[in-house]
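In what follows, residues are counted from 1 in the order of the sequence shown. The figures that follow rest on heavy atoms only: side chains count, while hydrogens, waters and symmetry mates do not.
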Amino acid sequence: MKKIIFSFAVLGLLLNSCSSPLEGLDSTTATHVSLYGSSVTKSSLSGSGLVSAGMTLAEINAEIAQASAGDTVWVEAGTYLIDGALLMKPGITLMKSGNTNPIFDARASDSQLLRQTFSAANVAGCTFSGITFWNLTFYINNASDVTFKWCIFDYGIKKAGSNKSNDLHDAYIRLIGTDKATVSNCVFSRRQGNSGRGVWNGSGSTNSKIINNTFGNAGTTGYFITAINDNSQSNSLISGNTILRNVSFNNEDANTDHGIYAHSFNGLTIQNNVIKGWPANGSGGAIKARNGQNLAILNNEFHTSGILLYIYIEPSSYQYLKNVQVKNNKIYLDSLTGGMYGGIGYWRQSGVTGQEESILISGNEMPNGSISISGSNGFSSAQFNLSGGGVFNNDLHLPFLSLAAGVSQSGNY
């Protein structure tokens, strides 16, 4: 698939030409145009259902109930009150019928996101396309081939007392034990006073793709604690996403927990993303990745903070970080920033018994930044250097190059 990644300079031009690239996007309007014209009729779509403006949730569910695997249930433009469970069936596509996204509005649930819980029995092979969801969260459990594309998620209500460490169930989409789930070309918004997460690619999930989505606009819709969490089982791809946090939100440390936060992974690729807005400190970082293996962080563009690589004691079954490539990323900081948080940092917690192994940091650009590899708490440079690991050919502020003794290095400038 051909991907076009805009530089942040171009994105900044867009931000200056209107209030933001998404401020001008009405939340009822999809980010692509339907090929089916402005309307469809049920009679013209053999084997398909049609949700018409004004239908209740019960009537929507009745249309879905009549569909069979492979059918599309078309949804006309309009606002539909969702005050209970949306009853899907395996293999169904729920899709807008014209050029304007229909809105599924669950804001009547005014204390938290309204949860939709699905399993393989009712959502395997389903696609949600071109729908705007207000205050809805989707829990997808142990199902395969579930797709969200061209959808908009907005007006999520923050549960009282929730933050980065208390009650973490605030993502719009949470994947648990899924296979081949895809979230693509969607827009995610979090608003002031209702911060939260975007997508959580959770435990047991395999072969997930989170690609080409937009999280926030650096302003009114950029109140994210974390945009994407990943503790999937294997072979996940996070690619081509634009993630723009409101930097003024950095004064709330309790609601600041990294742009992408990954742990307990095996086979994770993070590439071609643009991330801005998280602070260059322990709560921030565009990416924090810890406790896992087979990680590639490639060709990303980060602003305001960089990459944190850690090993923690917990989870004990993943007390290592190995087979890691951090290559060809661009990290642009507002000012000269040294130390662990000023570009790319590696550290292991006291008490960790597992090892770092084969960690390559190469070809990255961070004119104001640092590379810091801590030699504390049982660090092994020999293990770090295995299979070509080391620190090579990075463009940084050279006085901020701080490597533990024995780490292989060359060509840094």
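With sequence neighbours left out, the side chain to side chain contact (heavy atoms under 4.5 Å, CB included) criterion links Q349 to Y312, I313, W347, V352. Residues forming a salt bridge (charged side-chain N to carboxylate O under 4.0 Å, His left out) with R115 (at least two apart in sequence, or on another chain): none. Under the side chain to side chain contact (heavy atoms under 4.5 Å, CB included) criterion, Q192 pairs with Y223, not counting sequence neighbours. Under the rule for a side chain to side chain contact (heavy atoms under 4.5 Å, CB included), the partners of L57 that lie at least two apart in sequence or sit in another chain are N61, I82, D83, L86.
A donor and an acceptor atom, one from each side chain of H263 and Y310, are nowhere located under 3.5 Å apart. Donor-acceptor pairing under 3.5 Å is lacking for the side chains of S184 and K149. Looking only at atom types and distance, the side chain of D170 has no donor-acceptor partner in the side chain of S162 under 3.5 Å away. Residues N163 and N255 have side chains that never bring a donor and an acceptor to within less than 3.5 angstrom of each other. N329 and N300 share a side-chain donor-acceptor pair at under 3.5 Å. For the residue pair D179 / T206, a side-chain donor-acceptor distance below 3.5 Å is found, with atom types taken as modelled. Defined by atom type and a distance below 3.5 Å, a donor-acceptor pair is present between the side-chain atoms of N385 and S408.
No donor-acceptor pair under 3.5 Å is formed between the side chain of N273 and the backbone N or O of I243. For Q319 (side chain) and T353 (main-chain N/O), a donor-acceptor pair under 3.5 Å exists by modelled atom type. Put simply, the side chain of K288 never gets that close to the backbone of Y261: no donor and acceptor are under 3.5 Å apart. T304 places a side-chain N or O within donor-acceptor distance of the main-chain N or O of G277, the cut-off being under 3.5 Å. Under the 3.5 Å distance criterion, the side-chain polar atoms of S119 are left unmatched by any main-chain donor or acceptor of N141.
For F138 and F128, the gap between ring centers is short of 6.0 Å.
Residues I371 and L403 come closest through the heavy atom pair CG2-CD2, 4.1 Å. Nearest approach of A289 to L295, heavy atoms of both residues: CB-CD2, 3.6 Å. Residues S305 and F302 approach most closely at O-CB, 3.3 Å, considering heavy atoms. Contact detail for G156 and N194: the closest heavy-atom pair is O-CB, 3.1 Å. Between S358 and S387, the shortest heavy-atom distance links the atoms OG-CB, 3.6 Å. Of all non-hydrogen atoms in N213 and C186, the two that sit nearest each other are OD1-N, 2.8 Å.
For the salt bridge (Lys or Arg N to Asp or Glu O under 4.0 Å) condition, the pairs that include at least one residue of residues 245-266, sequence neighbours left out, are K164-D253. A salt bridge (Lys or Arg N to Asp or Glu O under 4.0 Å) check over residues 331-353, counting only residues at least two apart or in different chains, returns the pairs R348-E356.
Proximity of Y346 to L321: side-chain heavy atoms (C-beta onward) are separated by under 4.5 Å at one or more points. With a 4.5 Å cut-off on side-chain heavy atoms, V199 and F148 do not count as touching. For the pair I260 and D230, the minimum side-chain heavy-atom distance is 4.5 Å or more. Using a 4.5 Å heavy-atom threshold, the side chains of V51 and V73 count as touching.
Checking each of Y155, Y80, Y172 against W134 for a ring pair (Phe, Tyr, Trp, His ring centres under 6.0 Å) leaves exactly one that passes, namely Y155.
Rounded to the nearest 0.5 Å, atoms CD1 (I173) and CG (N201) are 10.5 Å apart.
A salt bridge is defined here as a Lys NZ or Arg NE, NH1 or NH2 lying under 4.0 Å from an Asp or Glu carboxylate O, and E365 with K330 meets this definition.
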Worked verdict on K180 versus S144 for side chain to side chain donor-acceptor pair (under 3.5 Å): CA-CA 6 Å; K180 293 181 285 186; S144 62; over 6 Å; no

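Below 30°, between 30° and 60°, or above 60°: for Y139 and H169 the angle between ring planes is between 30° and 60°, a tilted geometry.
Cation-pi contact between R197 and F215: absent, since separation from the ring centre below 6.0 Å together with deviation from the ring axis within 45° is not met.
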